[in-house]
2 protein chains.
Amino acid sequence: MPIWTYIWFMARAATTSDAFNAVAEPQRRRILVLLKGHERSVNELARALRITQPRTSKHLRVLREVGLVRVREAGQQRLYGLDARGLEPMHEWVIGFEQYWNENFDRLNEYVKKLQQKEHADGKRR
Amino acid sequence: MPIWTYIWFMARAATTSDAFNAVAEPQRRRILVLLKGHERSVNELARALRITQPRTSKHLRVLREVGLVRVREAGQQRLYGLDARGLEPMHEWVIGFEQYWNENFDRLNEYVKKLQQKEHADGKRR
DNA sequence: TTGACACATGCCGATATGGACATATATTTG
DNA sequence: CAAATATATGTCCATATCGGCATGTGTCAA
């Protein structure tokens, strides 16, 4: 039996499959922002985000599994720290579009005009 | 009844809720890449991605709803074009972490050394 | 008008999700 | 040792997802 038989039902990629998925959740993005510069304990994060502790722990678990955060044991606390290296691929991907969202109106208008001309030139092609 | 009662069951944010979610799906990222520079028809995209046409159409719908692509009718075809402006917020967010993944080895080593020292100082805790 | 083509959408099924809540585990303190 | 504290995890629930497949709609050409 071929492999794809088993992976047929892949309703949606797991949040732990990569940084893109992990970071799609707003609370997790907020956590990463809070972790800039210094470590924080779970309760500290929960209070800052105004969400429950289990909820915070679960989000941290996802971030841990994709390697965006590290944990350090400190007594009864777990101090979470940022490991932003996993975000670089996202940056690489998105920066590849910079020239397109920066297209100024002149170029955009020119582009549209060109399209219209082409449409005209083609006439009723095909 | 308070509003949160109705939004209690938010299993997972809709893929159409923002660019972050829309772009979490690999095929949709590939579509956007294929759309750099020029428009493409649905079948063209389907062939390039080697996926079925309905599947392609569904991904395009998501991208359309978050405003990352535009459609233009051309006879019986629909030509999809990139509208990358919606990616700028993603870039803004991720670029805020650049200094952290760029932390050079000196600082990283220093950090690790500090951790080890602390661990040592703690003795054989636990 | 009819057939061919391009595309969108509806239905079905299995899945992982995120939240609330309760509970388990481990550490510190008295 | 017991209570308190910090954290992780398991269960339950409603949902949206993505994939395949079938079908509907619209356009073009003969």
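Residue B/Arg55 has no polar side-chain atom (N or O) positioned under 4.0 Å from OP1 or OP2 of D/dC18. Note on A/Asn43: every side-chain N or O is 4.0 Å or more away from OP1 and OP2 of D/dT5. Regarding contacts with the backbone of D/dA8, a side-chain N or O of A/Tyr80 is found under 4.0 angstrom from either OP1 or OP2. For A/Ser57, no side-chain nitrogen or oxygen approaches OP1 or OP2 of D/dT7 to under 4.0 Å.
Going from atom CD1 of B/Ile51 over to atom C1' of D/dC21 covers 15 Å, rounded to whole Å. Following rounding to the nearest Å, A/Gln77 (CD) and C/dT27 (P) show an atom-to-atom distance of 13 Å. Separating the CZ atom of B/Arg64 from the C1' atom of C/dC7 is a distance of 10 Å, rounded to the nearest angstrom. Distance CD (B/Glu65) to C1' (C/dT9): 12 Å, rounded to an integer number of Å. Atom NE2 of A/His59 and atom P of D/dT9 are 15 Å apart (whole Å). Between B/Leu63 atom CG and D/dC18 atom C1' the separation is 14 Å, expressed in whole Å. Distance A/Glu73 CD to C/dT28 P: 10 Å, rounded to the nearest Å. Taking atom CG on A/Leu79 and atom P on C/dT27, their separation rounds to 14 Å, with Å as the unit.
Across C/dA8, D/dC18, D/dG10, the shortest atom-to-atom separation from the side chain of A/Lys58 is found for D/dG10. Closest to the A/Ala14 side chain, of the nucleotides C/dG19, C/dT17, D/dA8, is C/dT17. Looking at the side chain of A/Pro54, the nearest of the listed nucleotides D/dG19, C/dC7, C/dA22 is C/dA22. Out of D/dC18, D/dT9, C/dT9, the shortest distance to the side chain of A/Arg61 is found at D/dT9.
Tracing side-chain contacts under 4.5 Å through hydrophobic residues (I, L, V, M, F, W, Y), one never reaches B/Val23 starting from B/Val62; they form parts of separate clusters. Under the 4.5 Å side-chain heavy-atom criterion for grouping Ile, Leu, Val, Met, Phe, Trp and Tyr, B/Ile95 is not connected to A/Met90 through any hydrophobic cluster. Note on B/Val66: it clusters hydrophobically with B/Trp93, by side-chain heavy-atom contacts below 4.5 Å among ILVMFWY residues. Under the 4.5 Å side-chain contact rule for hydrophobic residues, B/Val42 and B/Val69 share a cluster.
Taking B/Arg30 as the reference, nothing meets the salt bridge (Lys or Arg N to Asp or Glu O under 4.0 Å) condition, with sequence neighbours excluded. Residues satisfying the ring pair (Phe, Tyr, Trp, His ring centres under 6.0 Å) test with A/Tyr100, not counting sequence neighbours, are none.
Applying a 4.0 Å cut-off to non-hydrogen atoms, the residues of residues 22-38 of chain A that approach DNA chain C are A/Glu25, A/Arg28, listed by residue number.
Among the heavy atoms of the strands lying under 4.0 Å from A/Ser41 are primed sugar atoms or P, OP1, OP2 only; no base atom is included.
If A/Ala13 and A/Glu44 are placed on DNA chain D by their nearest nucleotide, the residue sitting closer to the 5' end is A/Glu44. The 5' end of DNA chain C is approached more closely, in terms of each residue's nearest nucleotide, by A/Thr52 than by the other of A/Thr52 and A/Gln76.
Taking 4.0 Å as the cut-off between side-chain N and carboxylate O, A/Asp83 and A/Arg72 do not count as a salt-bridged pair. In summary, B/Glu65 and B/Arg61 engage in a salt bridge, as defined by a charged side-chain N under 4.0 Å from a carboxylate O.
In the interface, the side chain of A/Gln53 is not paired with the base of D/dA6 through any donor and acceptor atom under 3.5 Å apart.
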